[in-house]
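Pasting a structure below so you can have a look.
Nothing here was measured: the structure is a model prediction, and the numbers come from that model. Naming: A, B, ... by sequence-line order, numbering from 1 per chain. No hydrogens, no waters, no symmetry mates; every other heavy atom, side chains included, goes into these values.
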Amino acid sequence: MTARKRYWLMKSEPDAFSIDDLERVGTEPWNGVRNYQARNFMRDGMRVGDGVLFYHSNTKVPGIVGIARVASHAYPDDTQFEPRSHYHDPKATREQPRWYLVDVAFERKLARTIPLEEIRQHADALGEGFPLTARGSRLSVFPVTAAQWKLLLSLE
DNA sequence: GCCAACGTTGGC
DNA sequence: GCCAACGTTGGC
């Protein structure tokens with residue numbers, strides 16, 4: 001029984017971790033997510049092989065820059081246990097982890113960046129509540145429908 | 001660098 | 001359970 005592939009969008013600040021970094025390392029544990037909604041999507045929704053739109057945030061031209069895929073099931077984010085880590089969470093324990101992540105594997109870079117500015121022009125087609133075009137949304141991991149995936153990549 | 005919007009925390 | 005204060009996100 002093979003489940004249908006799902007699609008996601010994941011944001012990263014290129015100064016911290018860019019699509020080029022992912023290309024170089026191949027696979028990366030997506031650590032540092034400290035938002036419950038984003039965590040739940042990774043922990044409860046993602047499956048190996050799912051498609052990921054890689055988005056650069058907080059940069060000169062924010063937008064979708066590449067495609068990756070989910071490369072592991074969710075498991076605890078080790079950085080929550082490390083006192084030295086920027087992502088340390090004193091309330092998390094090995095027995096009761098609070099934060100989970102998945103491994104993300106590089107697939108390809110887009111031929112060009114699809115800028116947020118351009119994505120906004122398709123806000124109606126993407127639908128109300130799509131986090132990239134919804135006002136004020138800061139969600140860094142969220143699901144993308146097959147139709148949204150197709151539309152966004154058609155802009156490449 | 002600014003700052004609006006948002007999520008989380010903790011006092012009550 | 002409310003909500004003010006605070007810290008963070010992320011476009012501009």
Side-chain angles (χ1 to χ4, degrees), chain A residues 6-25 28-46 50-70 74-145 148-149 151-156:
Chain A
R6 296 176 182 173
Y7 300 100
W8 308 90
L9 183 145
M10 300 175 90
K11 296 183 188 173
S12 185
E13 301 195 12
D15 286 351
F17 190 79
S18 71
I19 188 71
D20 292 317
D21 292 326
L22 185 61
E23 179 170 30
R24 188 156 35 73
V25 300
E28 177 77 2
W30 204 260
N31 58 33
V33 170
R34 295 294 180 267
N35 169 281
Y36 290 107
Q37 213 181 339
R39 177 204 67 183
N40 293 347
F41 285 135
M42 287 198 289
R43 190 190 58 189
D44 308 330
M46 287 190 181
D50 284 357
V52 175
L53 295 172
F54 196 110
Y55 179 94
H56 279 175
S57 66
N58 203 13
T59 188
K60 190 155 187 179
V61 181
I64 298 166
V65 294
I67 297 178
R69 69 176 179 281
V70 175
Y75 60 95
D77 179 345
D78 266 343
T79 62
Q80 71 192 299
F81 309 125
E82 295 163 6
R84 295 254 161 85
S85 170
H86 177 63
Y87 299 122
H88 179 236
D89 183 342
K91 292 188 179 156
T93 64
R94 300 239 175 226
E95 295 68 36
Q96 287 212 302
R98 192 189 276 209
W99 304 108
Y100 287 78
L101 53 68
V102 297
D103 292 343
V104 171
F106 178 81
E107 221 147 74
R108 69 177 180 90
K109 289 211 268 184
L110 298 192
R112 67 175 190 108
T113 298
I114 302 171
L116 176 60
E117 190 182 20
E118 211 172 306
I119 293 167
R120 281 194 201 289
Q121 295 167 14
H122 301 272
D124 285 351
L126 289 164
E128 207 171 325
F130 185 64
L132 275 191
T133 48
R135 187 172 134 279
S137 173
R138 300 177 311 180
L139 194 57
S140 66
V141 175
F142 55 84
V144 173
T145 67
Q148 289 164 340
W149 174 275
L151 168 61
L152 290 165
L153 288 180
S154 76
L155 304 176
E156 183 179 1

Non-neighbouring partners of A:Phe81 that pass ring pair (Phe, Tyr, Trp, His ring centres under 6.0 Å), sequence neighbours left out: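 So A:Phe81 forms no ring pair (Phe, Tyr, Trp, His ring centres under 6.0 Å) with any residue.
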Side chain to side chain, A:Val65 and A:Thr113, heavy atoms closer than 4.5 Å: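 They are in contact (side-chain heavy atoms under 4.5 Å apart), so the answer is yes.
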Pair listing, side-chain hydrogen bond (donor to acceptor under 3.5 Å, both in side chains) test, anchored in residues 129-144 of chain A, at least two apart: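 Output for this query is empty, none listed.
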Earlier contact from the 5' end, DNA chain C, for A:Glu117 and A:His86: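 Between the two, 5'-proximity favours A:His86.
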Counterpart residues, ring pair (Phe, Tyr, Trp, His ring centres under 6.0 Å), relative to A:Tyr36 (two or more places apart):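 If we apply the ring pair (Phe, Tyr, Trp, His ring centres under 6.0 Å) test to A:Tyr36, skipping adjacent residues, the hits are A:Trp99.
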Which residues share a ring pair (Phe, Tyr, Trp, His ring centres under 6.0 Å) with A:Phe142, sequence neighbours left out: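 Expected list: A:Phe130.
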Below 3.5 Å, can you tabulate the donor-acceptor pairs from side chains in residues 7-18 of chain A to any protein atom, sequence neighbours excluded?
residue, atom, partner, partner atom, Å
A:Trp8, NE1, A:Asp50, OD2, 2.9
A:Lys11, NZ, A:Leu139, O, 3.1
A:Ser12, OG, A:Phe17, O, 2.6
A:Glu13, OE1, A:Asn58, ND2, 3.3
A:Glu13, OE2, A:Asn58, ND2, 3.4
A:Ser18, OG, A:Asp20, N, 3.2
A:Ser18, OG, A:Asp21, N, 3.1
A:Ser18, OG, A:Asp21, OD2, 3.3

A:Tyr55: partners by ring pair (Phe, Tyr, Trp, His ring centres under 6.0 Å), with sequence neighbours left out: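 Testing A:Tyr55 for ring pair (Phe, Tyr, Trp, His ring centres under 6.0 Å), a comparison that skips the adjacent residues, returns none.
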Letter per nucleotide, 5' to 3', of nucleotides 3-12 of chain B [B base touched, S only sugar-phosphate touched, - untouched; heavy atoms, 4.0 Å]: --BBSSSS--
Five-pair end axes of the helix from B:dG1-C:dC12 to B:dC12-C:dG1, angle between them (10°):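 The two end axes of the helix from B:dG1-C:dC12 to B:dC12-C:dG1 meet at 10°.
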Salt bridge (Lys or Arg N to Asp or Glu O under 4.0 Å) contacts in which one or both residues fall within residues 30-40 of chain A, not counting sequence neighbours: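 Of all non-adjacent pairs touching residues 30-40 of chain A, those that pass salt bridge (Lys or Arg N to Asp or Glu O under 4.0 Å) are A:Arg34-A:Asp77.
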